[in-house]
There are 2 protein chains.
Amino acid sequence: MATHDGSRTVEAVQTTLDIIELLLERDGAGITEIASELDRSKGTIHGHMATLSQNEFVVKEGDTYRLSLRYLELGEKVRDRLQIYDVVTEELDDLSASCGELAQFAMTEHGRAVYIYKSAGENAIQSASSPGKREYMHCLSLGKAMLAHMPRERVEEIIDRHGLVGYTENTITDPETLFEELEAIRERGYAFDREEKIEGLRCVAAPVTTKDEIVGAISISGPASRFEGDFYEEELPSMITRSANVIEINSQFS
Amino acid sequence: MATHDGSRTVEAVQTTLDIIELLLERDGAGITEIASELDRSKGTIHGHMATLSQNEFVVKEGDTYRLSLRYLELGEKVRDRLQIYDVVTEELDDLSASCGELAQFAMTEHGRAVYIYKSAGENAIQSASSPGKREYMHCLSLGKAMLAHMPRERVEEIIDRHGLVGYTENTITDPETLFEELEAIRERGYAFDREEKIEGLRCVAAPVTTKDEIVGAISISGPASRFEGDFYEEELPSMITRSANVIEINSQFS
DNA sequence: ATGGCTGTTCGCACCTCTCAAACGCTTGAG
DNA sequence: CTCAAGCGTTTGAGAGGTGCGAACAGCCAT
């Protein structure tokens with residue numbers, strides 16, 4: 001356990017973060033509702049809401065509170081600080097257009113994959129992912145591509161923390177199998193998702209690195225019906241690795 | 001009673017929000033740096049960072065902390081909940097294309113204008129605004145358009161809270177003058193910004209209302225050199241009010 | 001009018017947050 | 001190679017804040 005969870009934390013802050021998370025799920029909530037949901041007294045919640053409201057992190061409309069528009073600012077700032085962002089969007093738009101499928105870019109944080117951008121080609125499937133969405137890494141081509149370029153101890157940490165949750169019968173739930181898969185990905189240069197998260201959904205992903213450091217990964221996703229044979233095993237891999245290369249090269253000049 | 005600021009607040013939460021705001025300004029900071037900036041002990045900040053990090057609101061890279069990619073998720077959710085968003089973007093793209101200038105949409109929160117979306121026509125000026133950016137209302141055409149459709153007491157509250165800061169010699173800094181201006185805007189149906197915030201920048205704005213309730217405002221901005229005569233006083237107002245109307249109508253079916 | 005539901009306020013007891021100091025660690029200078 | 005200075009981290013102990021619960025005020029439907 002390298003993640004020192006033993007650190008002393010601030011419970012009052014924990015409560016506030018719980019409130020924010022609750023407001024993220026529901027679109028607006030009242031004091032009593034929040035209080036009962038989080039098992040805190042109404043007075044306590046009231047104090048927290050007052051603090052959040054004064055700092056404009058929350059808006060009070062009548063008796064219900066909502067997350068404020070400040071989060072647009074925060075999201076925007078965070079995105080603007082990703083230097084590769086513009087390079088990625090440009091290349092993914094090209095990629096999705098030329099293959100007609102769904103192209104995505106993700107980075108990693110706290111041992112999870114975070115979707116940053118997606119670009120839909122004309123035949124692209126619908127995907128539930130949206131920017132900022134966090135997902136376990138072991139069942140995504142994007143995630144495995146990134147894991148493959150991390151030191152083994154780091155991967156073990158991640159497994160310890162998040163486990164290897166199973167979604168379909170193809171999900172890798174055994175650590176040793178995962179390490180073998182990562183080894184194969186490293187040799188190959190790209191990763192597959194053979195319906196490991198969602199039945200019928202297949203993907204190919206390639207890592208994006210700069211100076212041997214992993215910065216993220218890009219992927220192409222589509223239905224199992226189209227993703228098979230040479231198209232799946234040869235064409236798409238070659239397209240995705242080419243795009244990853246373009247991103248790596250272009251990102252050096254920004 | 002309305003929002004009285006006398007409410008008891010939670011100081012520990014205030015500290016955390018100050019930290020977030022600090023990280024919003026700087027791109028990454030260390031414990032000592034944050035501690036000295038906020039006049040707190042290192043130990044205190046450490047505890048707060050541990051809490052924020054465990055909740056994935058912050059990322060620790062080596063010894064520096066940054067805002068995490070979670071804020072992308074938060075920003076996205078907040079934006080998705082604005083029902084008019086899609087209608088607005090579509091119409092503003094049309095508007096900016098047909099007049100060649102910069103078209104923007106803003107809403108109001110905590111007595112301030114918050115930019116939500118902007119669309120640049122081919123001759124559009126550069127603007128420092130970006131989604132989520134908050135600005136005083138009295139010196140913006142967008143802001144005045146919204147103020148004009150608020151009850152007088154609400155406007156007085158806002159003046160009390162934020163004052164009427166002066167930026168140029170045209171900025172309205174006197175409450176009575178402002179109320180007269182708002183009256184004129186109400187009669188006219190649209191608002192001007194005659195270089196009241198930035199020298200050389202002029203705008204026209206129209207409110208967007210549904211069921212007599214103000215939801216936001218749209219504007220066109222451009223250089224004083226182009227924004228004059230009939231174009232500024234007649235053509236642009238007619239375009240902007242037409243667009244506002246389109247948005248109001250279309251937003252009823254969503 | 002009445003009860004039930006909000007959000008709000010307040011006093012009090014307890015716990016938690018904050019501070020300061022000391023620790024281990026890395027870095028750079030001598 | 002040594003040392004000092006900087007960093008983040010941990011800990012104890014104390015003051016102060018925080019949370020609770022009860023009581024209050026307002027709203028709405030019955």
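Values reported hereafter were calculated over all heavy atoms of this structure, with side chains retained and with hydrogens, waters and symmetry mates removed. Numbers restart at 1 for each chain; the letters A, B, ... are given by sequence-line order, proteins then strands.
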Tell me whether the NZ or CZ atom of A/R134 lies within the 45° cone about the ring axis of A/Y115 and under 6.0 Å from its centre.
no
With a 4.0 Å cut-off on heavy atoms, is B/G30 in touch with a base, just the backbone sugar-phosphate, or nothing at all?
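Answer is sugar-phosphate: B/G30 comes under 4.0 Å of backbone atoms only.
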Starting at the 5' end of DNA chain D, which residue's closest nucleotide do you reach first, A/D39 or A/K42?
A/D39
If the threshold is 4.0 Å, N to carboxylate O, is there a salt bridge linking [X] and [Y]?
{"X": "A/R161", "Y": "B/E56", "answer": "yes"}
{"X": "A/E135", "Y": "A/R112", "answer": "no"}
{"X": "B/E73", "Y": "A/K133", "answer": "no"}
{"X": "B/E25", "Y": "A/K77", "answer": "no"}
{"X": "B/E33", "Y": "B/R26", "answer": "yes"}

Is any side-chain nitrogen or oxygen of [X] closer than 4.0 Å to OP1 or OP2 of [N]?
{"X": "B/S7", "N": "C/dT8", "result": "no"}
{"X": "A/T32", "N": "C/dG7", "result": "yes"}
{"X": "B/H46", "N": "D/dG8", "result": "no"}
{"X": "B/K60", "N": "D/dC7", "result": "no"}

Might you list the N or O atoms of the protein lying below 3.5 Å from N or O atoms in nucleotides 13-18 of chain C, with each pair's distance?
residue : atom : partner : partner atom : Å
C/dC17  : OP1  : A/E11   : N            : 2.6
C/dC17  : OP1  : A/A12   : N            : 3.0
C/dT18  : OP2  : B/H48   : NE2          : 3.0
C/dT18  : O4   : A/R8    : NH1          : 3.3

I need the [atom1]-[atom2] distance between [X] and [N], as an integer number of Å.
{"X": "A/L38", "N": "D/dG19", "atom1": "CG", "atom2": "C1'", "value": "14 Å"}
{"X": "A/D63", "N": "D/dA25", "atom1": "CG", "atom2": "P", "value": "17 Å"}
{"X": "A/I34", "N": "C/dT6", "atom1": "CD1", "atom2": "P", "value": "12 Å"}

Salt bridge (Lys or Arg N to Asp or Glu O under 4.0 Å) between B/E181 and B/K144, worked out:
CA-CA 8 Å; B/E181 168 85 344; B/K144 292 191 292 181; 2.7 Å; yes
Are any side-chain N or O atoms of A/T44 and backbone N or O atoms of A/R40, one a donor and one an acceptor, separated by less than 3.5 Å?
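No, A/T44 side chain to A/R40 backbone: no donor-acceptor pair under 3.5 Å.
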Inter-axis angle, terminal five-pair segments of the helix from C/dA1-D/dT30 to C/dG30-D/dC1 [nearest 10°]
40°
Which heavy atom in A/Y190 sits nearest to a heavy atom in A/R188, and how many Å separate them?
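Scanning both residues completely, I find the closest heavy atoms to be O-NH1, 2.8 Å.
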